[in-house]
2 protein chains.
Amino acid sequence: MRAQASPPKDRADRETGLVPRGAKASDTAMAQHNPRTRIQAKNRETILDAALEVFSLHGFRGATLDMIATEAGLSKPNLLYYFPSKEAIHVTLLSQLMDTWLDPLRDLDADGDPIAELRAYVRRKLELSRHYPRQSRLFANEIVQGAPRMQAALASDLKTLVDEKSAVIQDWAKAGRIADVDPHHLIFSIWALTQHYADFDVQIRAVLGDARDPLAEAEGFLDTLFTRLLAP
Amino acid sequence: MRAQASPPKDRADRETGLVPRGAKASDTAMAQHNPRTRIQAKNRETILDAALEVFSLHGFRGATLDMIATEAGLSKPNLLYYFPSKEAIHVTLLSQLMDTWLDPLRDLDADGDPIAELRAYVRRKLELSRHYPRQSRLFANEIVQGAPRMQAALASDLKTLVDEKSAVIQDWAKAGRIADVDPHHLIFSIWALTQHYADFDVQIRAVLGDARDPLAEAEGFLDTLFTRLLAP
DNA sequence: CGTCCGATTGACCATTTGGTCAAAAACCAA
DNA sequence: TTGGTTTTTGACCAAATGGTCAATCGGACG
């Protein structure tokens with residue numbers, strides 16, 4: 001996909017898609033996430049929700065504009081009135097995602113009780129998996145395929161935050177308040193375990209059968225796991 | 001994709017692709033994985049290896065026959081001489097995968113030392129992530145998107161094996177030889193943690209920076225984690 | 001050396017798909 | 001009601017893509 005046989009006219013520097021094609025060129029910087037009209041706000045939201053559904057289920061290439069349009073109850077050209085391209089929809093979704101996704105880690109409080117803070121982090125992360133499985137899968141799809149549209153964000157925003165919180169965790173470990181484990185890998189293990197329940201949902205349900213509630217059980221299991229791991 | 005606007009002639013009952021189009025129709029049952037000629041064996045292997053590379057990196061829909069052909073150094077029609085369709089290549093890869101993937105769990109020995117057995121299982125699983133990251137990602141791609149081509153296998157082969165080994169683990173727990181944890185979730189956690197290092201490789205490297213060796217570090221970390229979790 | 005059969009491919013084809021566009025419809029302020 | 005501005009869409013288009021096929025190539029064996 002990337003830079004395929006360059007099209008007639010270079011499109012890299014067209015509109016950003018943050019505002020419909022026809023809109024007046026005022027308020028350029030401001031109001032980008034502040035659509036001018038009620039209807040714009042509603043339709044953009046409708047489209048993004050439909051796109052999340054479709055992208056998370058089929059991946060970027062597997063999703064078609066027609067599927068998204070149908071899901072959104074709009075016509076294809078109408079989608080492209082609100083977003084300049086399929087990729088623009090995807091990118092919008094991805095950047096929204098990063099924010100939500102990192103919130104639980106941001107909330108890790110250096111001044112709180114170490115064990116309680118980390119257990120709460122696990123719980124918050126698992127809540128995201130429970131309530132936003134589509135986002136989790138969208139993210140997984142992107143990362144598994146090499147994060148072609150997110151690498152920049154990973155190496156900057158994400159790394160910065162993780163390094164910062166890792167330092168906090170390391171301090172806790174040095175002070176003997178939690179066991180001495182590698183903070184980065186601790187964070188990775190939290191991601192791996194919590195996201196697994198959203199991303200591999202079908203597999204888990206296939207193995208567990210229909211009578212059980214994976215997410216509910218996971219909460220207790222993960223709490224035990226991290227409590228034992230972190231005890232000084 | 002599935003059963004899209006039914007094509008002119010139904011294709012469901014064509015050849016299986018286990019043998020090239022032109023091959024004689026003898027030895028039907030036997031020799032399916034025993035290509036007749038040296039060159040057939042070599043080319044099928046070449047194709048599957050190229051396909052693994054491409055599918056694991058782009059997903060089923062994201063991969064094109066041209067990409068696979070180029071990667072394999074063959075022409076597109078030549079690919080389709082060895083496999084009847086793109087999907088047939090994918091399915092072949094997937095079924096090969098299931099076998100390799102479950103081997104480490106099969107090796108879990110009910111008569112061995114519980115802690116040692118489980119630690120060894122983790123180590124074997126991590127080795128798979130290290131040596132076969134492409135397979136891991138192929139699998140992840142498939143599962144994340146709802147396992148459209150694997151559900152049957154998951155609900156039968158996989159469930160059977162997991163249930164069997166879960167019983168073993170539960171016995172160990174009941175006998176007080178390991179901590180009392182839910183065996184299914186224990187297995188899920190092993191999958192989640194080990195596969196994460198293959199599937200989310202880009203993310204991990206982005207956060208860790210280039211100087212570190214994630215997989216090597218993971219071995220120690222996971223050993224610690226499971227040792228602490230399982231201690232009676 | 002010729003023959004036969006498996007292997008290979010260039011040229012094609014039908015469908016799908018992202019995207020365009022001009023015109024029509026819906027909205028809205030005066 | 002009118003005139004201008006957003007929204008919406010039917011009809012298209014070009015490129016990409018999975019797949020076909022007739023024709024050619026190649027090597028092993030008699």
Side-chain angles (χ1 to χ4, degrees), chain A residues 1-11 14-15 17 19-26 35-44 46-47 51 54-55 58-70 72-91, chain B residues 1-12 14-15 17 19-26 35-44 46-47 51 54-55 58-70 72-90:
Chain A
M1 264 273 142
R2 303 246 84 184
Q4 61 200 1
S6 60
K9 289 182 273 177
D10 190 308
R11 282 168 188 164
R14 279 206 313 207
E15 305 182 34
V19 147
R21 288 301 222 319
K24 288 171 189 163
S26 54
R36 278 154 192 69
T37 75
R38 201 74 44 81
I39 192 170
Q40 276 181 32
K42 192 196 69 182
N43 279 348
R44 282 183 59 96
T46 302
I47 292 170
V54 176
F55 280 135
H58 302 279
F60 181 74
R61 281 286 304 254
T64 71
L65 286 177
D66 282 302
M67 293 165 89
I68 300 173
T70 301
L74 297 173
S75 69
K76 185 169 62 167
N78 206 175
L79 285 198
L80 294 165
Y81 172 71
Y82 289 100
F83 293 89
S85 68
K86 180 185 177 184
E87 179 146 3
I89 302 178
H90 195 249
V91 167
Chain B
M1 262 276 140
R2 306 243 84 184
Q4 61 199 2
S6 60
K9 290 183 273 177
D10 191 307
R11 280 167 189 164
R14 279 207 312 210
E15 305 182 34
V19 145
R21 290 297 227 318
K24 289 171 188 163
S26 54
R36 278 153 193 72
T37 75
R38 200 72 43 84
I39 193 168
Q40 273 181 37
K42 194 196 66 180
N43 279 349
R44 280 184 60 95
T46 302
I47 291 170
V54 176
F55 280 135
H58 303 279
F60 181 72
R61 282 284 306 257
T64 70
L65 286 177
D66 281 302
M67 293 166 88
I68 300 174
T70 300
L74 298 172
S75 69
K76 184 169 61 169
N78 206 177
L79 286 198
L80 295 165
Y81 173 73
Y82 290 99
F83 292 88
S85 69
K86 181 185 173 183
E87 179 146 5
I89 302 177
H90 194 248

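Protein chains get the first letters and strands the later ones, always in sequence-line order, with residue 1 at the start of each. Since this is a predicted model, take the numbers as computed values, not measurements.
Rounded to a whole Å, the NE2 atom of B:His90 is 13 Å from the P atom of D:dG19. As a whole-Å value, the separation of A:Phe83 CZ from D:dT7 C1' is 15 Å. At whole-Å resolution of the value, CG in B:Leu65 and P in C:dT9 are 15 Å apart. The separation between B:His58 atom NE2 and D:dA16 atom C1' is 15 Å, rounded to whole Å. Between the CD1 atom of A:Ile89 and the P atom of C:dG19 there is a distance of 9 Å, given to the nearest Å. Atom CZ of A:Arg44 is separated from atom C1' of D:dT7 by 15 Å (rounded to the nearest Å). As rounded to whole Å, 12 Å separates atom P of C:dT17 from atom CD1 of A:Ile68.
The side-chain contact (heavy atoms from CB on, under 4.5 Å) search around B:Ala51 returns B:Phe55, B:Ile68, B:Ile89, B:Leu93, not counting sequence neighbours. Under the rule for a ring-ring contact (aromatic ring centres under 6.0 Å, His included), B:His58 has no partner lying at least two apart in sequence or in another chain.
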Residues A:Thr64, A:Lys76; criterion side chain to side chain contact (heavy atoms under 4.5 Å, CB included); working and verdict: CA-CA 10 Å; A:Thr64 71; A:Lys76 185 169 62 167; over 6 Å; no
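Taking only distance into account, the side chain of B:Lys86 never meets the base of D:dG19 through a donor-acceptor pair shorter than 3.5 Å.
Note that OG1 of A:Thr46 is 10.5 Å distant from CG of A:Leu79, once rounded to the nearest 0.5 Å. The structure places CD1 of A:Ile47 at 11.0 Å from OH of A:Tyr81, a figure rounded to the nearest 0.5 Å.
At the phosphate of C:dT20, neither OP1 nor OP2 sits under 4.0 Å from any side-chain N or O atom of A:Tyr81. For D:dT6, neither phosphate oxygen OP1 nor OP2 lies less than 4.0 angstrom from any side-chain nitrogen or oxygen of A:Asn43. B:Asn78 has no side-chain polar atom (N or O) that falls below the 4.0 Å cut-off from OP1 or OP2 of C:dA7. OP1 or OP2 of D:dT17 has at least one side-chain nitrogen or oxygen of A:Arg61 nearer than 4.0 Å. Neither OP1 nor OP2 of D:dT6 sits under 4.0 Å from any side-chain N or O of A:Gln40.
Checking C:dT20, C:dT9, D:dG18 against the side-chain heavy atoms of A:Leu80 singles out C:dT20 as nearest. Closest to the side chain of B:Thr64, from the set D:dT17, C:dG19, C:dA7, is D:dT17. The side chain of B:Pro77 has C:dT9 as its nearest neighbour among D:dG19, C:dT9, D:dT8.
The nearest pair of heavy atoms linking B:Ser75 to B:Ala69 is C-CB, 4.0 Å. The minimum heavy-atom distance between B:Tyr82 and B:Arg44, with the atom names listed, is O-NH1, 3.4 Å.
Position along DNA chain D of the nearest nucleotide to A:Lys76 versus A:Leu79 favours A:Leu79 as the more 5'-ward residue.
If you check every strand for non-hydrogen atoms under 4.0 Å, A:Leu74 touches nothing. If you check every strand for non-hydrogen atoms under 4.0 Å, A:Ala69 touches nothing.
Taking five base pairs at each end of the helix from C:dC1-D:dG30 to C:dA30-D:dT1, the local helix axes there meet at an angle of 10°, rounded to 10°.
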